[in-house]
Amino acid sequence: MLQLFNTLTRRVEPFQPIHPPQVRMYVCGMTVYDHCHLGHGRMLVNFDVLYRWLQASGYTVTYVRNITDIDDKIIDRAAQQGEPIEQLTGRMIAAMHQDLAQLAVLPPTHEPRATEHVAGMLALIATLEAKNLAYQGLNGDVYYSVRDFPGYGKLSGKTLEDLRAGERVARDAFKRDPLDFVLWKSAKPGEPQWPSPWGPGRPGWHIECSAMSECFLGEHFDIHGGGHDLQFPHHENEIAQSEGAHGHAFVNVWMHNGFLRVNDEKMSKSLGNFFTLRDIFQRFHPEVVRFFLLRGHYRSPLNYTDGHLEDARQGLNTLYTALRDLKEAASEGGEDDVWSCAAGQAFKAALDDDLNTPEAVAVLFGLAHEAHRGTRVARRHLVRLAAVLGLLQHDPSVWFEDGAGLIVDRADGDRDRIEALIAQRQAARDTRDFATADQIRQALLAEGIVLEDKAGTTQWRRA
RNA sequence: CGCCAGAUGGCAGAGUGACGAUGCGACGGUCUGCAAAACCGUUCAACGCCGGUUUGACUCCGGCUCUGGCGUCCA
């Protein structure tokens, strides 16, 4: 049975959907003012694995991942670039979809945009105001009154006193309490705005997720996820909004993934130490990146360096080598149930244990070794299990000829040239002219191409 | 200052109250014309520090040190 770590209880607990076999999950997605970086990729891949694993476990999953397409940073960026907001967000959304497709991240069931749900947000704010949980300040902004919501702080494990003690809370003369947060921002000249009972303006950041999750998943659903930095204040505020408005539980399981780090610092746009996915994809195959991310547990910090990506690439190549070398064995043997074999059970146990992907990956290596030692079904099981993680779905021969996980420059006709050299070398070998044969091997090796002689033929791959 | 998380072998990274995950790298062997891949073996291997509980602790408890995150936009 699946067990998940719940931020709300700080424990790993059995996962029990509210309405099995349905599972409803919501994940906070991207704010689209820039390209996705590797940290975003980690979050998106982690929840993609959860999505896949829930489905593989027999659940019918409704997965909602929102897009924030209106906020300060978007407005600033658009202004800075002299670009209309919708053009900027449209561009970034298209880019994100490309990046995610490359990473083999499945599209969610719904991918709502904040700007399409302003009506729902206004309805929610009205409810909060009617319940005296929201008030309008003299500046026209509508605030959430934190002190009037009893459970405030339960997700982040903080009390209002703890929070007030922090000196980093900005003073705002229009708030009743420094911790109150904005639900509706009154319109400023030149900014996008929508009409509302409180005057024209635009939504605060947190309200969109309360409105959109309710729209697609209802007032009470199973799983809500996001990056660890969203735990406070974003998710805490979502709870305040949704539970405040509806008077009952909002989300059963809260999940937060750990950060990707660079030089032991969080990778973030603010720190400017980020690598965009597309930058990395210039050098490494996206599957290497996915594999790298899955080798660590989603809640642990993961440190990025080029060297670690290279390690991951070598490991992935070990798996692809098993697929390539044992290609013919694949079609042999009848159908059987992967989940009943030892590897399948171990794999399932690993993912059921709070998505222990490193352990699951270890099972994959075990299968690769078994396959090499002659276990007939091992290769098929390897492919089947890896698919659950979104791995090993490329043709192994193409994988190795394309670059074996690296992005390499290839000239047109490269392949023909290589094949021709291999033929030449073979001719030399036939006359036992090993000096010439080795010379050709060395020449190809110098450009990163490794020749492997086996069973009377020679195959090649990129190193 | 408050709250939270973490400290594992050359590197990455799981896990467990007693039995040496896994990967990468390195070394030796088998195989090969030579290689590569694979297989076999080695790396005499590690659990931040100090106490405690226990027959037994890397694992549980307490303290300490250090690191990171959150408390402000952030996946």
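Letters A, B, ... mirror the listed sequences (proteins, then strands); counts begin at 1.
Counting only heavy atoms from C-beta on, A:F232 has its side chain closest to B:C70 among B:C34, B:C70, B:A37. The listed nucleotides are B:A14, B:C24, B:A75; the one nearest the side chain of A:K269 is B:A75. Proximity note for A:R429 (side chain, C-beta onward) versus B:G23, B:C34, B:A75: the nearest is B:C34. The side chain of A:R441 lies closest to B:C34 when the candidates are B:C34, B:C73, B:C39. The side chain of A:L260 lies closest to B:A75, out of B:C24, B:A75, B:G33. Of the listed nucleotides (B:A36, B:C4, B:C39), B:C4 has the atom at the smallest distance from the side chain of A:R10. For A:D438, the listed nucleotide lying nearest its side chain is B:C34; candidates were B:A36, B:C34, B:G13. Closest approach to the A:L230 side chain among B:C39, B:A75, B:G68 is made by B:A75 (side chain taken as heavy atoms from C-beta onward). The side chain of A:H369 approaches B:C39 more closely than any other nucleotide in the set B:C73, B:A38, B:C39. Residue A:N356 places its side chain closer to B:A14 than to any other of B:A36, B:A38, B:A14.
Rounded to whole Å, the C1' atom of B:C50 lies 16 Å from the corresponding atom of B:C58. Taking the C1' atom of each, B:U8 and B:U67 are spaced 15 Å apart, rounded to whole Å. To the nearest whole angstrom, the two C1' atoms, one in B:U53 and one in B:G62, are 11 Å apart. Nucleotides B:G41 and B:G52 are separated by 42 Å at their C1' atoms, to the nearest Å. One P atom belongs to B:A12, the other to B:A7, and the distance between them is 13 Å to the nearest Å. With both ends at atom P, the span from B:A36 to B:U30 equals 13 Å, rounded to whole Å.
Aromatic ring centres of A:H369 and A:H372: separated by at least 6.0 Å. No close placement of the A:F232 and A:H256 rings is indicated, their centers lying 6.0 Å or farther apart. Between A:Y63 and A:Y26, the ring centre distance reaches or exceeds 6.0 Å.
Nucleic acid contact for A:H372: sugar-phosphate only, since backbone atoms but no base atoms lie under 4.0 Å from a heavy atom of the residue. Across all strands, A:G39 comes closer than 4.0 Å to base atoms (heavy-atom distances). Contacts of A:S156 with the nucleic acid, taken as non-hydrogen atoms under 4.0 Å apart, involve only primed sugar atoms and P, OP1 or OP2. Contacts of A:H297 with the nucleic acid, taken as non-hydrogen atoms under 4.0 Å apart, involve only primed sugar atoms and P, OP1 or OP2. At a threshold of 4.0 angstrom between heavy atoms, the contacts of A:S268 include nucleobase atoms, whether or not backbone atoms are also involved. The residue A:F365 sits close only to the backbone: its heavy atoms come under 4.0 Å of sugar-phosphate atoms, none of a base. Within the 4.0 angstrom heavy-atom criterion, base atoms lie near A:L451. No contact: A:R299 has no heavy atom under 4.0 Å from any strand. Note on A:G366: nothing from the nucleic acid sits closer than 4.0 angstrom, heavy atoms only. A:T31 comes within 4.0 angstrom of sugar-phosphate atoms only, judged by non-hydrogen atoms across all strands, and of no base. Among the atoms of the strands shown, none is found under 4.0 Å from any heavy atom of A:D72. When heavy atoms are screened at a 4.0 angstrom cut-off, A:R42 is found touching no nucleic acid atom at all. Counting non-hydrogen atoms under 4.0 angstrom, A:L271 reaches nothing in the nucleic acid.
At whole-Å resolution of the value, CG in A:L100 and P in B:A75 are 13 Å apart. The NE2-C1' distance, from A:H206 to B:C74, rounds to 12 Å in whole Å.
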Per-nucleotide pairing state of RNA chain B [Watson-Crick or G-U, under 3.5 Å; [ ] pseudoknot-crossing; | other strand]: (((((((..(((.....[...)))((((((.......))))))....(((((..]....))))))))))))....

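In this structure, the side chain of A:T357 engages the main chain of A:G296 through a donor-acceptor pair within 3.5 Å. Of the possible polar contacts, one joining the A:R278 side chain to the A:A95 backbone as a donor-acceptor pair under 3.5 Å is found.
Note on A:S300: a side-chain N or O is less than 4.0 Å away from OP1 or OP2 of B:A14. In this structure, A:H308 does not reach the B:C11 phosphate: none of its side-chain N or O atoms is under 4.0 Å from OP1 or OP2. Phosphate proximity of B:A75 to A:H235: absent, as no side-chain N or O sits under 4.0 Å from OP1 or OP2. Dashed line: the shortest gap from a side-chain N or O of A:K266 to OP1 or OP2 of B:C70 is under 4.0 Å. Not one side-chain nitrogen or oxygen of A:W460 sits closer than 4.0 Å to the OP1 or OP2 atom of B:A36.
Side-chain contact, A:D72 with A:W205: no donor N or O sits under 3.5 Å from an acceptor N or O. For the residue pair A:Q98 / A:Q102, no side-chain donor-acceptor distance below 3.5 Å is found, with atom types taken as modelled.
Judged by the 6.0 Å and 45° rule, A:R65 forms no cation-pi pair with A:F47.
Pairing each heavy atom of A:E238 with each of A:H224, the nearest pair is OE1-CE1, 2.6 Å.
Evaluation of atom-type donor-acceptor distances gives a pair under 3.5 Å for the side chain of A:K73 against the base of B:C73. Residue side chain A:K158 does not reach the base of B:C4 through any donor-acceptor N/O pair under 3.5 Å, judged by distance alone. Checked by distance alone, A:R425 brings a side-chain donor or acceptor within 3.5 Å of a matching partner on the base of B:G33. Contact of A:D229 with B:C73 (side chain to base): no donor-acceptor pair of N or O atoms is detected under 3.5 Å.
Ring geometry, A:H285 versus A:H394: the interplanar angle exceeds 60°, so the pair is classed perpendicular (tilted spans 30 to 60°).
For the pair A:V32/A:R113, no side-chain contact is recorded, criterion being any heavy-atom separation below 4.5 Å from C-beta on.
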